[in-house]
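Taking it in order: structure first as structure tokens, then the write-up.
The first residue in the sequence is number 1, and the count goes up from there. As the structure is a prediction and not an experimental result, all values here were calculated from the model.
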Amino acid sequence: MMEYPHLMDFLAAWFPDADLMGFETDVAVVKRYREVTPTEEVQKSLDELDDMLSKDVLPLELVDDRAWRTFDHQEEAREWLTTIRNALASPV
């Protein structure tokens, strides 16, 4: 079983082609995801993201692969994921 299934599905479905879908920022991607996704699913992604961010070591290769991003180090990935987390948690 894959760890963080909801979060990984979210990253894989929304971020690789974000520019082709007309999203100018990652926060805009998250906003649209929240508009079209049931609250329970958004919460599952947020819970998994909180769990991931609580770890000392992030699964960089997994996040890189799913979001089509390249993070050179843990802190870079943690900053990006924190931005995504804050956008997921913000009021609609």
Any ion pair linking D26 and K31 (charged N to carboxylate O, less than 4.0 Å)?
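Salt bridge absent between K31 and D26.
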Is [Y] close to [X] at the side-chain level, that is, under 4.5 Å between some pair of heavy atoms?
X: D64; Y: E61; answer: no
X: P59; Y: E3; answer: no
X: P5; Y: E48; answer: yes
X: M8; Y: M52; answer: yes

Rounded at 0.5 Å granularity, tell me how far [atom1] in [X] sits from [atom2] in [Y].
X: K44; Y: L7; atom1: NZ; atom2: CG; value: 13.5 Å
X: Q43; Y: D50; atom1: CD; atom2: CG; value: 8.0 Å
X: R85; Y: W80; atom1: CZ; atom2: CH2; value: 14.5 Å
X: L46; Y: H6; atom1: CG; atom2: NE2; value: 12.5 Å
X: E76; Y: T70; atom1: CD; atom2: OG1; value: 8.5 Å
X: T82; Y: E75; atom1: OG1; atom2: CD; value: 8.0 Å

Starting from [Y], can I reach [X] by hopping between I/L/V/M/F/W/Y residues whose side chains sit under 4.5 Å apart?
X: V27; Y: M21; answer: no
X: L49; Y: F71; answer: yes
X: V36; Y: I84; answer: yes

What are the two closest heavy atoms between T25 and A28, and how far apart are they?
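Looking at all heavy atoms of both residues, the shortest contact is OG1-N, 3.0 Å.
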How close do L11 and P16 get, heavy atom to heavy atom, and via which atoms?
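Shortest heavy-atom contact: O-CD, 3.2 Å.
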For the pair S45 and Y4, evaluate side chain to side chain donor-acceptor pair (under 3.5 Å) and give the outcome as yes or no after the intermediate values.
CA-CA 8 Å; S45 294; Y4 311 117; over 6 Å; no
Parallel, tilted or perpendicular, as decided by the 30° and 60° cut-offs, for the rings of F23 and W14:
tilted
Under the 3.5 angstrom rule, does the side chain of T37 hit a backbone N or O of R34 as a donor-acceptor pair?
no
Start with the C-alpha gap between L60 and H73, add the side-chain angles, then the distance that decides, and say whether side-chain contact (heavy atoms from CB on, under 4.5 Å) holds.
CA-CA 8 Å; L60 282 183; H73 49 80; 5.8 Å; no
Please evaluate residues W68 and F15 with respect to the criterion side-chain contact (heavy atoms from CB on, under 4.5 Å), reporting the C-alpha separation (whole Å), side-chain torsions for both, the decisive distance (0.1 Å), and the verdict.
CA-CA 7 Å; W68 283 26; F15 287 96; over 6 Å; no
Derivation of the side-chain contact (heavy atoms from CB on, under 4.5 Å) call for L88 and F10
CA-CA 11 Å; L88 277 173; F10 161 56; 4.2 Å; yes
Just do the side-chain contact (heavy atoms from CB on, under 4.5 Å) check on V63 and R69 with the steps written out, would you?
CA-CA 8 Å; V63 174; R69 298 288 195 278; 5.9 Å; no
